[in-house]
Each structure stands twice: as structure tokens, then as C-alpha cells.
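First the structure, in the form of C-alpha cells, and then the observations on it.
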Number of protein chains: 2
Amino acid sequence: MAGVRERARAGVIAEIVRLARLQVAESGAAALSLRAVARDLGMVSSAVYRYFASRDELLTQLIIDSYDRLGEAAEAADASVKRRSDYPARWRAITHGIRQWAIDNPSEYALLFGTPVPGYAAPQDTIGPAGRYTWVLLRLLAEMEASGRTSAVATPIPVALRSDLTALRSNLGIPVSDALLAVGMVAWANVMGAISLELFGHLHRVVDTPGALFEAVVREQGERMFPGTTASRRPSKRT
Amino acid sequence: MAGVRERARAGVIAEIVRLARLQVAESGAAALSLRAVARDLGMVSSAVYRYFASRDELLTQLIIDSYDRLGEAAEAADASVKRRSDYPARWRAITHGIRQWAIDNPSEYALLFGTPVPGYAAPQDTIGPAGRYTWVLLRLLAEMEASGRTSAVATPIPVALRSDLTALRSNLGIPVSDALLAVGMVAWANVMGAISLELFGHLHRVVDTPGALFEAVVREQGERMFPGTTASRRPSKRT
DNA sequence: GAAAAGCAAGAGCACTGCTCTCGTTCGAGA
DNA sequence: TCTCGAACGAGAGCAGTGCTCTTGCTTTTC
């Protein structure tokens with residue numbers, strides 16, 4: 001019953017992950033050293049291999065954890081909006097929540113959305129947690145459409161995307177129209193693009209307040225997904 | 001008189017860079033090994049340090065080169081459009097040119113837009129070449145406005161962004177209105193975001209034809225920058 | 001022609017991931 | 001309760017890394 005050894009093992013694993021996360025947070029994923037983790041742990045390096053078969057396996061665990069935390073942050077941001085039917089507000093909250101998490105945990109964001117490690121194919125274990133933060137966005141879209149509101153999308157959907165969209169919908173089992181799903185994915189790319197440009201230093205000599213660019217992105221895509229909801233149709237009106 | 005030694009030195013440097021680029025192309029930037037380059041070169045590792053003070057310095061050179069090639073690709077794509085006044089066509093050509101370069105050179109794209117190396121601050125030398133591909137886009141916007149056409153932007157510009165935009169315009173010395181510049185930057189983030197999601201594997205179980213998502217992004221942002229130009233205002237019309 | 005600078009080589013340091021072997025310790029089944 | 005196998009930590013070791021320093025040799029410059 002909850003074997004002593006098992007419990008100890010779980011504890012050691014948790015400690016390894018904790019120390020590894022610390023190391024990643026302050027030196028980046030590339031600098032993660034199993035030997036250093038072992039030293040911090042008061043162990044010899046070979047002992048760590050009892051718990052993780054390789055450095056990559058440890059990294060995979062960190063990736064899974066990070067995806068989970070990101071998903072958690074997104075969910076919390078969504079939940080912070082009291083009026084559940086205020087979809088634009090939820091959109092803003094979620095996207096800003098994602099960005100804030102990225103800013104607070106730059107190394108972990110880089111771990112998830114930066115250069116994949118060479119020859120590293122994301123194992124099955126990651127695809128679940130990886131979808132968690134996108135689920136928050138998808139749910140938002142589904143709820144909005146379920147409430148009867150519909151967004152009039154101006155740009156047509158490229159034909160090649162249509163089959164992808166239907167496949168995706170059936171895979172996820174979430175009822176979102178092709179049109180809204182397409183808009184949502186474009187918005188997703190825009191949000192992640194803005195965050196990556198900011199976090200990876202590409203806005204350095206370009207923009208002093210990256211948050212403002214992000215706000216522009218969120219606003220534009222929000223306007224596309226929830227047209228006419230913000231009092232901002234006229235460019236003259238200031239906000 | 002083009003000193004013999006100088007010429008030899010330039011040749012060796014070129015060879016080092018060539019081999020390093022090869023290595024990056026097939027194993028990723030993280031796996032770039034000075035010792036391996038030296039071996040391929042038939043040299044001992046310490047000799048390479050006569051030409052590059054550190055691995056980072058060599059990487060910086062590769063980054064500069066890659067930015068240059070990307071800029072070249074963008075320029076070539078732009079130049080391939082004969083009707084210079086067909087701005088939407090040029091927009092499509094440039095963005096697809098950038099994406100194609102990224103697909104053809106994934107490791108180099110990752111080098112530029114992936115995780116920055118830990119504690120590595122992009123040296124001054126990179127900021128010039130880094131701007132080259134964005135210049136192509138900026139020029140497009142400037143030329144369009146110079147031709148008298150104007151884009152009616154629906155979403156207002158966040159106040160915080162306004163000062164950034166004016167600063168940017170004076171820094172670059174390129175005449176683009178705040179409104180268009182803001183739209184352009186959002187579009188830029190969208191394009192780079194779509195490419196990064198695709199190249200870094202985040203579309204894996206999401207979309208089978210990433211090109212279609214990219215096309216949707218290009219189309220939407222094109223529609224925003226050059227409104228009413230494509231015969232696609234009505235969602236019913238197929239393309 | 002001599003002094004100075006550039007160059008390649010080699011040895012060496014401190015570090016990495018990972019493997020293998022060796023005693024020890026723990027815990028589940030007989 | 002005892003035993004035997006599995007789990008464990010330590011240590012040595014291999015092959016590799018970035019980088020430094022010294023030692024001779026060659027080329028350039030004065």
C-alpha cells in the first residue's frame with residue numbers, strides 16, 4: 001500500500017523535475033544539464049538515469065508540465081471574466097493571460113514554442129497537454145456560436161483548408177462552424193506570432209512597448225471574431 | 001596587393017562558414033560543433049579560433065548570412081511581380097516567398113526566429129541584415145500610399161502604439177501612415193506566427209495542409225491592407 | 001636580413017551525456 | 001520469517017564539447 005519505495009521514487013522524480021525546471025528557468029533549456037541536476041540533488045549523475053532514461057526524456061517531462069501550466073493560466077484567465085456571455089472580454093482575457101504567462105516564464109515559453117530540439121519528435125505524451133490552452137479558445141468559440149451569435153467573416157476560406165477544418169472538427173468533437181474555426185486559427189497564429197516576436201527579441205529596435213502591438217493584434221482579431229461588439233468601428237474614436 | 005595571406009584567410013573563413021552552414025542545415029544550430037567543423041576542414045580545433053573567437057561568434061556570422069538570404073528571397077519574390085502597382089499581388093508574392101524560404105531552410109529559419117541562444121544578445125552586426133526582409137514589406141506599404149491609395153483601417157490603434165509608430169517612422173525614414181504601419185505590423189506578426197507554428201510542429205495534429213492556413217492568413221491581412229482589391233468580399237464566392 | 005605578426009598543432013582543463021559494473025538495501029512471495 | 005530478485009546509489013570510464021596556452025614554423029614588414 002503506497003509502497004515506501006514507490007513513494008520515495010515519486011519524491012525523487014518530483015525533486016529532479018523541480019530542480020530541472022529551476023535550471024531551465026534561469027539558464028534556458030539548452031543549458032539543462034543532468035549532471036548539474038544530480039549535483040543539486042546530492043546524487044551522482046548515473047543515479048539520475050534510474051529515473052529518466054535520457055536528458056530528452058527529462059525535457060519531455062518539462063515540456064508536458066509547461067503545457068499544463070500554460071493551459072492552467074489560460075483557463076484561469078478565462079474564468080476570471082464574470083459575465084460568461086461577454087465573449088470579446090473573455091477573448092481578451094485569455095490572450096492576455098497567455099502572453100502574461102509567456103512573459104513570466106520566458107524559458108518555458110521558449111521550450112514550448114521555440115526551436116524544437118534537433119531530431120526530437122514530440123512524443124505522444126505531449127499532444128494532450130499541448131492542446132489544453134487551445135481548448136480554452138475553442139470552447140469560447142463554440143459557446144459563442146451555441147448562444148446563437150454568429151460572426152460574419154469577410155475573407156473566404158481557402159479551399160484546401162475546408163477539409164482540414166471538417167477533419168479537425170470531427171477530431172475534436174467540438175461544434176464550431178468552418179468559418180469561425182478558420183478565423184480562430186488565423187487569430188491563434190496572430191497571437192502566438194506577436195508573443196514570439198516579442199519574447200524572442202524581434203521587436204527590439206522596432207517597438208518600445210510590445211504590449212501595444214499585442215493589444216492591436218488582440219483587438220483586430222477580436223473584431224473579426226466578434227464583429228461590432230467593441231465600440232471601435234470608427235478609427236477616429238479613441239480608446 | 002591583395003596580400004597572399006589575407007586572401008588565404010578570407011578563403012578559410014569562407015570555408016568555415018560554408019561547413020558550419022552545412023552542419024547547421026542538417027543537424028540544427030544547437031548541434032553546431034566547432035571541433036566538427038575543424039575536422040571537416042582538416043584542421044585541429046584550436047586553429048579555428050584564429051578565425052572565430054568563439055562558437056557564438058561563428059553562430060552570429062551564420063545568423064547574419066541567413067538574414068541576408070531571407071532578405072534576398074523576399075526581394076526576389078517581390079521583384080517577380082511584373083505589375084508593380086498590383087500591391088496585393090506583391091504582398092502575396094513576398095509573404096509566400098518568405099514562407100518558402102523558411103520551408104526550404106528550416107534550420108536557418110529556426111536559427112533566426114526560434115529560441116535565442118541563452119544569454120545571447122544579438123550584436124549590432126545583426127540588426128542591419130535582420131531588417132532587410134521587413135524592408136521589402138515596408139517599401140510595399142510606402143509605395144502604395146505614395147500612389148495615392150489609402151486603406152481604411154477599421155480597428156483603432158492602441159494609444160500606446162502611436163508613439164512607437166511615429167518613432168519607428170522617423171527612425172526608418174520611410175513615409176507610411178500610422179494606420180497602415182499598425183496594420184502592417186499586425187500582418188507581419190500574423191505571417192511570422194503562421195510560419196513558426198508550421199515549422200515548429202504546432203500544426204501537426206491540427207491541420208494537414210499548413211499552406212492553406214498560411215493562405216488564409218495572407219488573404220485576411222491582405223484584405224485589411226488593400227481593402228476591396230481581391231474579389232473576395234463575399235464569403236460565398238469561391239476561390 | 002632581422003624583428004614582428006600570423007598561423008597550425010598539440011596538450012590540457014573542465015564540462016557534457018551516457019554506459020557498465022559493483023556492492024548495498026529494500027520488499028514481496030514462499 | 002526468510003530469501004531472492006529487483007531497485008538503488010556510487011564510481012569509473014568513454015567519447016565528445018568549448019576554450020586556453022604553449023610551441024614551433026612561415027610569412028610579412030621594417
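Numbered from 1 within each chain, the chains take letters A, B, ... in sequence-line order.
Rounding to whole angstrom units, CD of residue A:Glu6 and C1' of D:dA6 are separated by 13 Å. Between A:Phe52 atom CZ and C:dT19 atom C1' there is a gap of 19 Å when expressed in whole angstrom units. For the pair B:Leu41 CG and C:dA8 C1', the computed distance is 12 Å after rounding to whole Å. Rounded to whole Å, atom P of C:dG17 lies 18 Å from atom OH of A:Tyr51. Computed from coordinates, the B:Arg7 CZ to D:dT28 C1' distance equals 15 Å when rounded to whole Å. At whole-Å resolution of the value, CZ in B:Arg9 and P in D:dT27 are 16 Å apart.
Heavy-atom minimum distance, A:Ala77 versus A:Ile94: CB-CA, 4.0 Å. The heavy-atom pair separating A:Arg21 from A:Ser66 by the smallest distance is NH1-OG, 3.3 Å.
With hydrogens and angles ignored, the 3.5 Å screen pairs no side-chain donor or acceptor of B:Asp68 with any backbone N or O of B:Pro129. Counting only distance, with no hydrogens or angles, the side chain of A:Arg224 and the backbone of A:Ala187 share no donor-acceptor pair below 3.5 Å.
A ring-centre distance under 6.0 Å is found for A:Phe113 and A:Tyr133.
Among residues at least two apart or in separate chains, salt bridge (charged side-chain N to carboxylate O under 4.0 Å, His left out) pairs with a member in residues 181-199 of chain B are B:Arg99-B:Glu198.
Taken residue by residue, residues 11-20 of chain A places no heavy atom nearer than 4.0 Å to DNA chain D.
Distance CG/A:Leu181 to CG/A:Leu165: 5.0 Å, rounded to 0.5 Å. Atom CD of B:Glu15 is separated from atom OH of B:Tyr51 by 11.5 Å, given to the nearest 0.5 angstrom.
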*Mark up nucleotides 17-26 of chain D, 5' to 3', with B wherever a protein heavy atom is under 4.0 angstrom from a base atom, S wherever such an atom reaches only the sugar-phosphate, and - elsewhere.*
BBBBB----B
